[in-house]
Amino acid sequence: MAASFPASTHTGPTSPGAGCSSSCSERLMSWTGLVLACLGVCLGLTLAVDRSNFKTCEESSFCKRQRNIQPGLSPYRALLDSLQLGPDALTVHLINEVTKVLLVLELQGLQKNMTRIRIDELEPRRPRYRVPDVLVADPPTARLSVSGRDDNSVELTVAEGPYKIILTARPFRLDLLEDRSLLLSVNARGLLGFEHQRAPRVSFSDKVSLTLGSIWDKIKNIFSRQESKDPAEGDGAQPEETPGDGDKASVRGAWLEHGWLGGWSGKAHRKPELRLAVREGTAKTGGKERAVCDGQGLLSASQPEETPGKTERDEPGAWEETFKTHSDSKPYGPTSVGLDFSLPGMEHVYGIPEHADSLRLKVTEGGEPYRLYNLDVFQYELYNPMALYGSVPVLLAHSPHRDLGIFWLNAAETWVDISSNTAGKTLFGKMLDYLQGSGETPQTDVRWMSESGIIDVFLLLGPSVSDVFRQYASLTGTQALPPLFSLGYHQSRWNYRDEADVLAVNQGFDDYNLPCDVIWLDIEHADGKRYFTWDPSRFPQPLTMLEKLASKKRKLVAIVDPHIKVDSGYRVHEELQSQGLYVKTRDGSDYEGWCWPGAAGYPDFTNPRMRAWWANMFNFDDYKGSAPNLYVWNDMNEPSVFNGPEVTMLKDAQHYGGWEHRDVHNIYGFYVHMATADGLVQRSGGVERPFVLSRAFFAGSQRYGAVWTGDNTADWDHLKISIPMCLSLGLVGLSFCGADVGGFFKNPEPELLVRWYQMGAYQPFFRAHAHLDTGRREPWLLPSQYHDMIRDALGQRYALLPFWYTLFYQAHREGFPVMRPLWVHYPQDVSTFSIDDQFLLGDSLLVHPVSDAGAHGVQVYLPGQGEVWYDVQSYQKHHGPQTLYLPVTLSSIPVFQRGGTIVPRWMRVRRASDCMKDDPITLFVALSPQGTAEGELFLDDGHTFNYQTRHEFLLRRFSFSGNALVSSSADPKGHFETPVWIERVVIMGAGKPAAVVLQTKGSPESRLSFQHDPETSVLIVRKPGVNVASDWSIHLR
Amino acid sequence: MFLLVLLLPACWAVEVRRPRGVSLTNHHFYDESKPFTCLDGSVTIPFDQVNDDYCDCKDGSDEPGTAACPNGSFHCTNTGYKPLYISSRWVNDGVCDCCDGTDEYNSGVVCENTCREKGRKERETLQQMAEVTREGFRLKKILIEDWKKAREEKQQQLTELQTRKKSLEDQVEVLRTAKEEAEKPEKEAKEQHQKLWEEQQAASKAQREQELAASAFQELDDNLDGVVSAVELQTHPELDTDGDGVLSEGEAQTLLGGDSQMDPTSFHDRVWAAIRDKYRSEVLPTTPPAPSVPDLTEPKEEQPPEPSQPTEEEEEEEEGEGETEEEEEEEEEDFQVQGEQPKEAPPPLAPPQPASPTEDKMPPYDEQTQALIDAAQEARNKFEEAERSLRDMEEAIRNLEQEISFDFGPSGEFAYLYKQCYELTTNEYVYRLCPFKHVSQQPKLGGGSPTNLGTWGSWAGPEHDKFSSMKYEQGTGCWQGPNRSTTVRLLCGKETMVTSTTEPSRCEYLMELMTPAACQEPPPEPPADGDHDEL
């Protein structure tokens, strides 16, 4: 609880880079200049984020206000009299005992073991934003019925669900139980905070102009000093801003006047009787009591007198807020919402990307909460909870017995605090607790705080993690099935200079016999950063260039960013301006910010008409110089605004439907991604699957394509962090994730670049990218001793394309991540819970890429009691669980295939995936100790929706048992004619058979030749030659 | 290559049966009647496993015609063009890699046979290349000859210069002596003239004093009695000596040396000197106070500091700053000098000052002196001219020595580039290459000073072909990067011109210079009756 001491001094972290841009701003007037100069100075001197550009919770007024609510007695009470039970939902009113403002709680049981909770004002002055378009449909409900009732609580039973919900009236809380065990509690710590909307006050703050914020602060300080001089005098006659300190009634008055929590914590600390109540209140929540009391004891001991003044200083941020030189006018005042969730029995929580942090979330007590606010963070630092480019407000909790998820559907700036009653304890301490039997149940508490909108939260009740995946997928959809080519290798750089450069790079891959599917063009390709155009001198013949790439079966990706150059000669700008489709400022004029082209307008993608317009722009007639093998990349869609607060848009900017930017911020990038993907589908008449890469994202972005981890840096730590960052995204639905291979900023030494190729080859989205100021680093530019290593990494990637493609199909169908943390498959194995230097692909391959400079070996954890793992290079068999020391060289990529799985490969690595799609398949069968194995293979044409619309696909199941490998259809709906045949079968862990016999329907048995290596127990069956679509079996006799 | 091209047509008269993808030279390894042994000898397999789309040999030799072996290669005969080995990976991958289309026999792609067309184009190109090479090489030989001659001439010139330098040095010495000798009488005559003039000046000054005294006397002598009395003197209170503003009789008498009156001569001799400075003429207006010396510091401060010269060498920022400071200091001194100027130029409103002796000009030298001066001046001019010639000559010798000893290629064929510059204009920039000197880049529009892309460093070709490229280094520093540098690749051509510039890596430029000097000796001309139909 120490996390939210209101009186604690500012905790603004300073970094070596701090002051970098401020010193620049003193010297340079123009923002472009500033950006460029800062880019440079920072690049050279510090290579670190300037943290002062981004808010801490303390600097984000709502976060500070929310965080100031201390655990304790909630002022909210459910009015059980108002309870209404409908077919789809239960509603009940909540009253804030202090303000008497009424909220309405809507509780829904959903099918598939989920619960939805919505809390809104009963009579809002103005409707609150409810996030549209993220859910794929209204989730089907499961009927709730009242199964018990007493004075202070109602017990509800969910049809089709094994769980019950207990609604407690006073203080308001919800407890979800399964059988007799408590799964999850809502508002158990009493942190529900709902800032209801109020009439703007006629106060100093409204009269003082926006730029005079500091004067306002001074006035405030004077008031607060006056007050603290003579606190006893306070009564109703005092100005509103300085609530009295008299009797209980005046405290309540303050709540009414201020709305809200004008100073819940402050008052509580000053009034002994309330403080006592806090203690009583928390005592009920169990494990939290001691922490609360300790915290308060510390507070009152260390800073007894400062608390009242602090409360007053909180106020200015409620109706207007200034950060650096930017003012947020907040015309609707404070509207934040917050709520806590207690997870008994849970010690491990994951998710809420995007953060450059470990896979397992850390407790945030005493530090910053995890922040979700899509931001363009220049040279982000690792291992901290700062916001990055995307936000998925989904948290997963895992224990050996249970998995849960919390999906907080809110698109406004959001902070998440995580606390744990075991966090501070050493392993020894925990053991001692256990032995003495005095230990509390481990528990994790999660608190969500959002600036606006309603509380709309889905509780995904598992029970297993795959259930949680399915539950979340049923709400927001699954990963779009990528076109096959997009799983190949992507070669990008800012910037390939011109057509000749692109074609030379294209030729380079052939000359050096390296596979590559896509070449990328960054912002310099467009004419003066006017997207949808081409620089006429560098790219005079884009169609010819695209044709030449197409003749090598390769694609091009061109960047199309959502900032539109303000230029009367530019069609896109002209039309958006004349049709009023830009985001507007508070006063209704077109919002203009600075970005790459200079002055830029920002299309309002929250407007469906805007999205339709945008999608149309991708028609080949509108996007001149585009062709079917051109795909798109949306960068800067947080949105990035160089001269905006925190490098993004003003929160009081106006969007479609009258919503403020603050309401929709985190979903802006999602809409850009959506509109672009729709455009690519539309240009092909709905036939072709799109490929769109986006930097910003939100819950549901998986439906539109790929994302990447943004502007990373060429150093070893950034190589390492790519694993937890992509694992976290995968857990919350975004499977198609990658990091810039080589690192965007700075120049990687050859060893790092080789290691990054090896890492990227085993991550879902595999793209090399580099900053404009870095040296060229196409693989062949490395000294020749590294060529084979990179060729080998690329070769391993391409060989595994059928496996990747199948994994993506499974992700698309089931919502399972492609790249998975170990604990997903070893939920009981505590030692896997924090592992994020290795990962699983599907349930078959375990990858531990080398991510240390000069490594001679790696410690690989091979999990699974009674399981075996085969080194895919040496076929050496290892037994799990064990930590294996594996010696490595620079060419090693430690990959293991789990015994019991079958992995399909294309062994003929060609120049692009499109050249391989008809190639024969080799099946790698890794036998379990029981002599069994299973695997799937999905095949279709690789690029259209025909798999969906016409069921033109194959889903084959291969299963090995009783010395027979059987191929059968795993989905009889699918039919697809393909020349693909089975080239060979490699069986690991097999003895030498006397004969190998192939059986197919309608043909006589035929013997197959084979080779057996007794040393490795690998049997290679030569050329079964059967078509992949047919049913067949191979028998070892 | 030429040889191969010429040999092939003869072979193709006979169609040799061989497995797909096998070259003619290798066809004997593939004998249908026998089991096939991998070319590495590792395994022997039944012949029907050759090209059966399954890789049995580690070296890939059993699948010359399929894509089954990752390390295999496929031979395209490419009749009409050049035979070619391609990677097995490219067989049946949907991309036509062989011009005869034989690599795509089972991928659904129809490849046109473009070998004849390619062959024709190739031949044309080769012919052109050969023509260019021949012509270029011819020119190169001329260049070599030219340089040989030029070098000899230069050597000769150098020797000549060195000889001439000796005599010039002697000459300079002679002229120096002559000059010094001529300057001696000149100096004496001038001094004499000066002395005379000064005497004359002194005389005229005395006379003027006398005149002034006389006129003062006349003014003072109010009663025109030919003497000035103390009373008469008292009409001039400015002559007051005790500072009470009044000239008392006593004081007047004291001024008159105790006498009550004084005649003009005594007045001039005894009194005038004492009162002349105070005496205020009754006719002339009073002398205004001398103009005050203007405040020297003021103009300096008001003057906006002159913009410092942009430092050309950005990479030496610290040094550059140092220089700037020095310049500023110098400029400060300049300002001070300027500030003193008002002293010399009186304020425009000041009344004309009484004629002063300094305004009188020294009379011209007499003929004799002038003749001496002229003679000395001539001697000086001659000496200076000779000395200048010597310096020029030394410079020329240095340049010649440098040029002669410069590495202009094995036979000096690149010498003609020395002192030349070549430009290439792209969309944005004008690139300028001055071989053996430097490379620069200047924005095409809006002027802007040129950026140095490197100064001559060294020949930079590979060891066996050192003269195929040049390296220019230490250009303008790149922001956050290295100093700019340029590699100039030399290509054989008939003319000399810059054909391209690129920046393959940040701040590392690549330029191509076409020059006959880069042409290698062409192979002997093919016989005129050679069969040119096929390559």
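Fair warning: this is a prediction, and the values are worked out from it, not measured in the lab. Throughout, protein chains are lettered first and strands after them, A, B, ... in sequence-line order, and every chain is numbered starting at 1.
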Report summary line: Bottom line for A:Ser537: the part with an atom under 4.5 Å from chain B's heavy atoms is both
Query raised in the report: What part of B:Asp53 is in contact with chain A, defined as an atom under 4.5 angstrom from a non-hydrogen atom: side chain, backbone, both or neither?
Result: both
Requested in this report: Would you give the length of the straight line joining atom CD1 of B:Ile45 to atom OG of A:Ser1009, rounded to the nearest 0.5 angstrom?
Outcome: 10.5 Å
Query raised in the report: Is the shortest heavy-atom distance from the side chain of A:Lys1023 to the side chain of B:Asp52 under 4.5 Å?
Result: yes
**Report entry** Residues of residues 507-517 of chain A near chain B, each having a heavy atom less than 4.5 Å away
**Finding:** A:Asp510, A:Asn513
Query - CA sep, side-chain torsions, deciding dist, call: B:Glu428, A:Arg538, side chain to side chain contact (heavy atoms under 4.5 Å, CB included) - result: CA-CA 11 Å; B:Glu428 281 170 276; A:Arg538 295 159 201 246; 3.0 Å; yes
Report task. Check whether any side-chain heavy atom of B:Asp97 lies under 4.5 Å from a side-chain heavy atom of A:Arg911, and answer yes or no. Result -> yes
Report task. State, yes or no, whether a side-chain contact exists between B:Thr502 and A:Arg497 at a heavy-atom distance under 4.5 Å. Result -> yes
Query raised in the report: Honestly, is A:Arg910 close enough over B:Trp90, meaning NZ or CZ under 6.0 Å from the six-membered ring centre and within 45° of the axis?
Result: no
Query raised in the report: With no hydrogens and no angle check, do the side chains of B:Tyr54 and A:Arg1022 hold a donor and an acceptor under 3.5 Å apart?
Result: no
**Report entry** Over 12 non-hydrogen atoms of neighbours within 6.0 angstrom of CD in B:Glu32
**Finding:** no
Report summary line: Assert top hit (heavy-atom pairs under 4.5 Å, partner chain B, pool A:Arg776, A:Arg908, A:Lys552) equals A:Arg908
